[in-house]
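Start at 1 and go down the list; that is how both ligands and their atoms are numbered.
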Amino acid sequence: MLDLAGVGAGTTVLDLGCGPGTFAAAAVARGARVLGVDGDRSAVAAAAAAVPGADFRIGDAHDPPPGPFELVAAVQLLQHVANPVAVLRAAGRVGASVAVTTWGPEEECDVRAFGEALAAWLPPRRPPSGPPPLTDPARLRKIVGLAGLTVGAEDEVECPFTYPDADALVGPLLASGIGRAAAARAGEAAVRKAVLARLDVNRTRTGGYVLRNRFRVLVATR
Ligand SMILES: C[S@@+](CC[C@H](N)C(=O)[O-])C[C@H]1O[C@@H](n2cnc3c(N)ncnc32)[C@H](O)[C@@H]1O
């Protein structure tokens, strides 16, 4: 994504929905000047601790800081916001280019195993209704166009998630929405057991875990 968006030394980057600062850290490592914004106070605190070379603040992606920025990045953000078109339009107002990622095909994303492991304790998945999800490349292109942006480059990238041990794998899951819902029905011990059994195939020789995922990347300009 950094290559596709041309991020290098001195590039000004707004990282919308920065989470714990993973993308910000990679951009800073290239010498970019990064401001990260997230609606979650604890994510902003974690990012500030993890990436001292960038600035972070609490904010809403629908109302980004004025910038201007050379790049606005929205890494795995759009599926979480109330109005993805409004977020993209606002990003285009403050950034010369806008880079977004979404999940790739479900069968190429190992993170689906979390949902599969907990399926017995979660409500059944509803058959899809309404417009296609943003993971559909045609749908993503459409909303980028609706936001007044022009699609530039598109690509797919491998995005492995690595965990040093079982606690690092299960801990964040138990803090997530599906983890809390399953634990409320089955208890944390049963959730842990089910997840470790399902993800045994993802275990590394050193006792960690690697989940291989594919992200779609799209870079647009205004
Ligand atoms: C799936 S996480 C992605 C985090 C980060 N970009 C990454 O790839 O690690 C989505 C993030 O978007 C944030 N978020 C969701 N809606 C938001 C909004 N309207 N404004 C700002 N941040 C938002 C969440 O708090 C969360 O940190």
Side-chain angles (χ1 to χ4, degrees), residues 1-5 7 11 13-30 32 34-51 53-67 69 71-95 97-104 106 109-115 133-135 140 143 147 155-163 168-169 171-180 209-220:
M1 176 163 171
L2 293 162
D3 288 339
L4 210 62
V7 174
T11 307
V13 177
L14 174 63
D15 183 7
L16 278 183
C18 61
T22 313
F23 176 76
V28 165
R30 288 192 171 201
V34 181
L35 171 61
V37 170
D38 200 287
D40 179 344
R41 182 179 298 275
S42 61
V44 169
V51 196
D55 292 319
F56 296 95
R57 67 173 74 152
I58 297 165
D60 187 341
H62 297 84
D63 183 21
F69 303 91
L71 175 71
V72 179
V75 178
Q76 302 301 91
L77 169 71
L78 291 183
Q79 64 269 42
H80 299 283
V81 301
N83 189 337
V85 175
V87 166
L88 287 170
R89 190 175 292 121
R93 267 201 306 273
V94 302
S97 56
V98 178
V100 304
T101 72
T102 64
W103 292 108
E106 188 172 327
C109 294
D110 284 350
V111 290
R112 74 185 185 285
F114 288 125
L134 294 174
T135 49
L140 183 61
I143 71 156
D155 203 355
E156 292 191 358
V157 293
E158 296 297 326
C159 197
F161 292 180
T162 59
Y163 306 84
L169 179 78
L173 177 66
L174 286 170
S176 73
I178 62 165
R180 284 198 306 268
Y209 293 81
V210 180
L211 274 59
R212 292 184 178 75
N213 304 296
R214 184 166 281 269
F215 282 10
R216 292 208 171 93
V217 185
L218 183 154
V219 180

Q: Might you point out which heavy atoms bring P64 and A90 nearest each other, and give the distance in Å?
A: CD-CB, 3.5 Å
Q. Where the side chain of H62 meets the backbone of N83, is there a donor-acceptor pair that is under 3.5 Å apart?
A. yes
**Q.** Polar atom proximity, V75 to ligand 1 (N or O, under 3.5 Å)
**A.** yes
Q.
Looking at E158, is its backbone amide N or carbonyl O close enough to the side chain of R214 to form a donor-acceptor pair, meaning the two atoms are under 3.5 Å apart?
A. no
Q.
Please report the interatomic distance CG(D155) to OG1(T101), rounded to the nearest 0.5 Å.
A. 12.5 Å
Q.
Once rounded to the nearest 0.5 Å, what's the spacing between atom CG of L140 and atom OG1 of T102?
A. 5.5 Å
Q. Quick one: which of A24, C159, G17, G39 has a heavy atom closest to atom 4 (C) of ligand 1?
A. G17
Q.
If we only consider heavy atoms of A73, is any one of them less than 4.0 Å away from an atom in ligand 1?
A. no
Q | Atom indices of ligand 1 within 4.0 angstrom of G59 heavy atoms, with elements | A | 20 (N), 21 (C)
Q. Got a sec: does the CZ of R112 have more than 12 other heavy atoms crowding it under 6.0 Å?
A. yes
Q. If every non-hydrogen atom of V7 is compared with every non-hydrogen atom of R30, which pair is closest and at what distance?
A. O-NH1, 3.1 Å
Q. For atom 2 (S) of ligand 1, what is the nearest protein heavy atom, given as residue, atom name and distance?
A. Q76 O, 4.0 Å
**Q.** Least distance between heavy atoms, A99 atom then A5 atom
**A.** CB-CB, 4.4 Å
**Q.** N or O contact, D60 vs ligand 1, cut-off under 3.5 Å
**A.** yes
Q) To the nearest 0.1 Å, how far is atom 23 (C) of ligand 1 from its closest protein heavy atom, and which atom is that? A) L77 CD1, 3.7 Å
Q: Look at atom 26 (C) of ligand 1 and find which of D40, D38, T22 reaches it with the closest heavy atom.
A: D38
Q) Taking non-hydrogen atoms only, is A82 closer than 4.0 angstrom to ligand 1 via side chain, backbone, both or neither? A) neither
Q) At what distance is the nearest protein heavy atom to atom 20 (N) of ligand 1, and which residue and atom is it? A) A61 N, 2.8 Å
Q: Kindly confirm or rule out an N or O of P20 lying under 3.5 angstrom from an N or O of ligand 1.
A: no
